[in-house]
Number of protein chains: 2
Amino acid sequence: MAITIVDVAKKAGVSPSTVSRVLSNHPRISPATAAKVREVLKELGYHPNIMAKSLVSKTTNTIGLILPRPAEELFLNLFFSEVIRGIVTQAARTGYDLMMTTGTTEREELEAVTRLVKGRRVDGVILLYSRQSDPLISFMLEHGFPFVLIGRSDEFPDILSVDNDNVQAAYDATRHLIAQGHKRIGFVSGPPNLIVSGDRMKGYLQALKDAGIEARPEWIVEGDFLQESGYRAMSFFMCLPERPTALVTIDDVVAFGVLRGLTELGYKVPDDLSLVGFNNISLSELSTPPISSMDIGIYQIGYTASQTLIRAVKGEAMPQKRVIIPHRLIVRESSLIQAKD
Amino acid sequence: MAITIVDVAKKAGVSPSTVSRVLSNHPRISPATAAKVREVLKELGYHPNIMAKSLVSKTTNTIGLILPRPAEELFLNLFFSEVIRGIVTQAARTGYDLMMTTGTTEREELEAVTRLVKGRRVDGVILLYSRQSDPLISFMLEHGFPFVLIGRSDEFPDILSVDNDNVQAAYDATRHLIAQGHKRIGFVSGPPNLIVSGDRMKGYLQALKDAGIEARPEWIVEGDFLQESGYRAMSFFMCLPERPTALVTIDDVVAFGVLRGLTELGYKVPDDLSLVGFNNISLSELSTPPISSMDIGIYQIGYTASQTLIRAVKGEAMPQKRVIIPHRLIVRESSLIQAKD
DNA sequence: CACTTTTGTTCAAACGTTTGCACAAAATCG
DNA sequence: CGATTTTGTGCAAACGTTTGAACAAAAGTG
């Protein structure tokens, strides 16, 4: 079968423990034996059995990524490939592997996570975009298992997390529209159980308030991260007796939905309605017109989350619990023309 | 620490082996003991240590996914999130976990794969979109390791693979343009070391030939899967003394690049140039105008690959080595108007 | 040169499972 | 009712590592 440490030991005329120590660069191995063993190691093409290694060392050199449950829906979003790209790149660079799980139902999800965590399959996990009250967080804390949250938890503010300042970002996005002269600004939110929805809404409202503009509840609609919800939001807004002149959306895909609907109906962006999206996924610059978008450094978030987690599992001191990735508004045509009234 | 089988055994007053047998539903366990053990199992919240289990059973209930090396580049494409979505969904449904690796350099990549395969970390792997001569395939074969290729290998035609008929798909796409009256059709290809590039080119050429149209080498340009390459291709074509009236591109993202460039320069699609993309990623229907695209069932490919691999590692009989996922042309506005000359 | 320290190596236990074999008790059989 | 089969359970080895303890040999010390 596969070559084991024992095979190598025999052939090199030493004990298995010596081989193991050569492998881990133990200081008390004579250069001569080390050389000899290394030679045999190469000759036989030895590779360690990770399972055996993990069993005794209790570490796996693997991090887990828990995808949000309704993965079918959210995965559509470019957001995910971007985050994963950041995570996998950083992990690979550090010699870690990445394990992904998801579940279709809450039960399935918890099952999968349990398998990972209690089965000691990974050294730590990354939780992707938490819901308002995420049972997974309690689960992790309960088991004292290292994890990093991408997002934020109100319930547990003191956990390791990587996030951007969604409140401020939405504030800035809204501010931008106000600076363009808009006074009637709507907001297309995400599912209310996602923290990000609330945060961005808050920033939006604050910006209005600070500008002395009264918020209108009917100009805030709830959607998800699919373009259909943008389409629906568009129909809704355009049918109102009094319409907003600009919209902030929770995600670029949603902004796309809005844009598409408007174009179909013969409206022009930004003339009839200005748009600012969120996340700056690659398509926002591809659309006609290109959509202004709040870039939240998605790749960077993934990369940093992975980095933070790996540091944590290695027991390195964490300078700060919560890392905020800076955001940056990318202004494009969809919000460039001044409002007319 | 964590609850082991021994803890359970003690508490239940039986031997560890009995607990193990209860866990695996061994037929020769009395209902009474089984019940008792199960009770303790639940009470103590036992979960098997997968490492230990794998060590003796030599299976991991995990499949590996090897991402193509220049992941940074290709990952941008929605293609990947779609495939991964298919894989992870199917795997989770079967109780398997998914492990992802990649490497920045050829050496790093092989290292990562070796870690997975020789470290007995996964039961089998999925190879994503192979290059013309992929050393990974030889590697797998050499080690007799179960794997499924997404794509095709000329060198090793007899391996498990999931693919679509790229030749026929490109043939059909080109045929569609011909049916619209086009006689001057260009092709934007992908990197020449990817099999898919050659296949689609072949179909394109065959369609021209069958329609009695002579192919023009200068109307075939090489790109990658980024929109920039579409942009470049566009500039190139539009500067030619004699321009094509329609284009088939290797991917929708490339088609986007073309479309964007054309729009910038004031050209109209499909009037000035008709477009047919490939892969039908979600943005092709979002663009203005929406782009006709050859849908190759990406999600289905991932799903099927995972299914095939899991069957293979379980030792089930494989009805066929090579599974072809059907394709379907989605005709949209970008290719709908008849050519004028 | 007798003593202590350092160096290099091996032994054996441990990690948490699975599983072939052994064996006692219970059930079946003629 | 003794002999045989079946049923239920435990023992112990094995999977491939790591690692503390033990120890012999070499080196250093006064």
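These numbers come from the heavy atoms of this one structure, side chains and all, not from hydrogens, waters or symmetry mates. Reminder, nothing fancy here: chain letters follow the sequence lines and each chain counts from 1.
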Atom [atom1] of [X] and atom [atom2] of [N]: how far apart are they, to the nearest Å?
X	N	atom1	atom2	answer
B:Leu55	D:dT17	CG	C1'	8 Å
B:Met51	C:dT18	CE	C1'	17 Å
A:Ile50	D:dG16	CD1	P	14 Å
A:Ile5	D:dT18	CD1	C1'	8 Å
A:Leu44	D:dG16	CG	P	14 Å
A:Asn61	D:dT17	CG	C1'	14 Å
B:Arg120	D:dA14	CZ	P	20 Å
B:Lys53	D:dC15	NZ	C1'	15 Å

Does [X] get its side chain close enough to the base of [N], under 3.5 Å, for a donor-acceptor pair?
X	N	result
A:Thr4	D:dC15	no
B:Ser54	D:dC15	no
B:Arg21	C:dG20	yes

With the criterion being N/O to N/O and under 3.5 Å, what pairs connect the protein with nucleotides 6-8 of chain D, and how long is each?
| unit_1 | atom_1 | unit_2 | atom_2 | d |
| --- | --- | --- | --- | --- |
| D:dG8 | N7 | B:Arg28 | NE | 3.2 |

Check: B:Phe80 and A:Ile84 side chains under 4.5 Å, non-hydrogen atoms: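 Side chain of A:Ile84 against side chain of B:Phe80, heavy atoms only: no contact under 4.5 Å found.
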Test item: A:Val8 and A:Thr4 side chains (from C-beta on) under 4.5 Å apart, heavy atoms: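 Contact flag for A:Val8/A:Thr4 side chains = no.
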Closer than 4.0 Å, any side-chain N/O of [X] to the OP1 or OP2 of [N]?
X	N	answer
A:Thr18	C:dT10	yes
A:Lys58	C:dG16	yes
B:Ser20	C:dT18	yes

If I compare all heavy atoms of [X] with all of [Y], which pair ends up nearest, and what's the gap?
X	Y	result
B:Leu44	B:Ile3	O-CG1, 3.4 Å
B:Asp123	B:Pro146	O-CG, 3.4 Å
A:Glu109	A:Leu67	OE2-O, 3.9 Å

Among B:Ile324, B:Leu309, B:Thr308, B:Ile126, the one residue meeting side-chain contact (heavy atoms from CB on, under 4.5 Å) with B:Val162: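 Result: among B:Ile324, B:Leu309, B:Thr308, B:Ile126, B:Thr308 is the only option passing the side-chain contact (heavy atoms from CB on, under 4.5 Å) with B:Val162.
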Touch class at under 4.0 angstrom, heavy-atom based, for B:His47 against every strand present: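 Sugar-phosphate contact only.
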Closest to the A:Ser17 side chain, choosing from D:dC11, D:dT17, C:dA12: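 Closest nucleotide to the A:Ser17 side chain: C:dA12.
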Intermediate values then yes/no, side-chain contact (heavy atoms from CB on, under 4.5 Å), A:Val313 and A:Tyr96: CA-CA 11 Å; A:Val313 305; A:Tyr96 272 71; 3.7 Å; yes
